[in-house]
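Note sheet for the following structure.
Order of appearance sets the numbers: ligands from 1, and atoms from 1 within every ligand.
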Amino acid sequence: MPTPAPKSQHVLVLNCGSSSLKFAIIDANTGHEIISGLAERLGAATPSVKYKYKGDKTLIDLEPEQAHAEAINTLVTLIKDHKLDEQLIAVGHRVVHGGEHFTKSVLINDQVIESITQAATLAPLHGHANLLGISSAQDSFKGLPQIAVFDTAFHQTMDKVAYLYALPYNLYTEFGVRRYGFHGTSHFYVAGQTAKLLNQPIEKSNFISAHLGNGCSVCAIKNGDSVDTSMGLTPLEGLVMGTRSGDIDPGLFNFLTTQLDYSAQQIDDLLNQKSGLLGISELSNDCRTIEEAATAGNQQAALALDMFCYRLSKQIASYMVPLQRLDALIFTGGIGENSDIIRKKVITQLGFLGMECDTQANLDARFGQQGVISTEQSRIKAVVMPTNEEWVIALDSANIVKEL
Ligand code: ADP
């Protein structure tokens, strides 16, 4: 006899960072968010958990230095208090690095944990946080299937020509040094939604999606598959980001170590935490703050914005090589979904491709509104598509549970 379909499709989605934990219970059928929240400053002096349930926002202070395990315990209590546990069918984990092992989401077992541990050597900060999240959730949600959804999986369709660095080949074969790409769940989701919006099959769609949040990446999508993306071995490569430099001359390492006596850790910190919009503006990593300052006449803020847009436009234009034909440029992420200023600048810089911005549509498509923001005459469409990585994680988890 076939097993009856589970009554609810509620999935607890966990996104575990080194000092934070984002969580949400999502109905995989609809994408509806039942509860959501953020535990932050984990392991520091003033950790806390804040969450939103039925429109109410609540803040819970944790004890000093409490970290992921305690945050997850608080989450379990919360879920039980609101009687949300009975309807959960799975826990879906966002895992940043899947290395070459994972081309799709998987049910977590010992072998999967081992492969995630191996991949974690490529992105230690993210990887160890993800593993911590998984083991804490396994302890707290015994009996619930745990699913891993990888940021890298969507990009596993890239060709060697796109993913290899021009380094000695054995660094790839022996140590896995190659470009992996990230934000895969988001690029996959917005591409699918854009195909629906434009009423064309995803298997025949060529898109470039620009995920612009604190981290930023661009992905070239050919006939629905990722063929190139701007992030690499780690999420540091590519575009100018909030605090990350993106592409730099690797010769900088030599200069910083020999001339300025930097350690490897200091260089890592400089490139990941002190560069990007923050480094150039010397003001903030937050795009809104930079836009306001630039409008008020701050020259460095204006320069940071110009560099952000110039590098983004250059990266997008370069993807015409693998794509040859482009149906739409997609903007998503906090900046992509909200900054009409950045979108307009980029579309204008790409005018030579026959792209033209519709000023009113560009203003309208903000704060969660999707829409086509190019003019009728524009040869290539520009689209704003809010991302929803949590829903993809919930959907993948629900689909895997169905097969158990
Ligand atoms: P994360 O990568 O952490 O998920 P988000 O996708 O939420 O980040 O994006 C955060 C970025 O979006 C910040 O730089 C923020 O300033 C920017 N942002 C949010 N709203 C606006 C807005 N109205 N105008 C310009 N930028 C915005």
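The nearest heavy-atom contact from the protein to atom 4 (O) of ligand 1 is K22 NZ, 3.9 Å. Given atom 16 (O) of ligand 1, the protein heavy atom at minimum distance is D286 OD1, 2.7 Å. Atom 17 (C) of ligand 1 has as its closest protein heavy atom I335 CG1, 3.6 Å.
Under 4.0 Å is where a charged nitrogen must lie from a carboxylate oxygen, and between E390 and R94 no such pair does. Contact check on R288 versus D286 returns a salt bridge, with a Lys/Arg side-chain nitrogen under 4.0 Å from an Asp/Glu carboxylate oxygen. A salt bridge links D306 to K345: one of the charged nitrogens lies within less than 4.0 Å of a carboxylate oxygen. Using a cutoff of 4.0 Å between basic side-chain nitrogens and carboxylate oxygens, D364 and R366 are not scored as salt-bridged. Taking a cutoff of 4.0 Å between a charged side-chain nitrogen and a carboxylate oxygen, K222 and D228 do not qualify as a salt bridge. Taking 4.0 Å as the cut-off between side-chain N and carboxylate O, K50 and E40 count as a salt-bridged pair.
Taking only nitrogen or oxygen atoms, main chain and side chain alike, L212 does not reach within less than 3.5 Å of ligand 1. At least one N or O atom of C287, backbone or side chain, sits closer than 3.5 Å to an N or O atom of ligand 1. Taking any N or O of R288, backbone or side chain, at least one lies under 3.5 Å from an N or O belonging to ligand 1. Annotation: G334 places an N or O atom under 3.5 Å from an N or O atom of ligand 1; distance criterion only. An N or O contact shorter than 3.5 Å links N214 to ligand 1 by distance.
The distance from ligand 1 to the heavy atoms of S339 drops below 4.0 Å at these ligand atoms: 25 (C). Interface atoms of ligand 1 facing G213, defined by a heavy-atom separation under 4.0 Å, are 2 (O), 5 (P), 6 (O), 8 (O), 9 (O).
Listed by chain and number, the residues in a ring-ring contact (aromatic ring centres under 6.0 Å, His included) with H155 are H187 (sequence neighbours excluded).
The option with the heavy atom closest to atom 22 (C) of ligand 1, from among T332, N338, N15, is N338.
Here E291 has side-chain heavy atoms under 4.0 Å from ligand 1, and that is the only part of it that gets that close.
The six-membered or imidazole ring of F150 lies away from that of H97, with a centre-to-centre distance of 6.0 Å or more.
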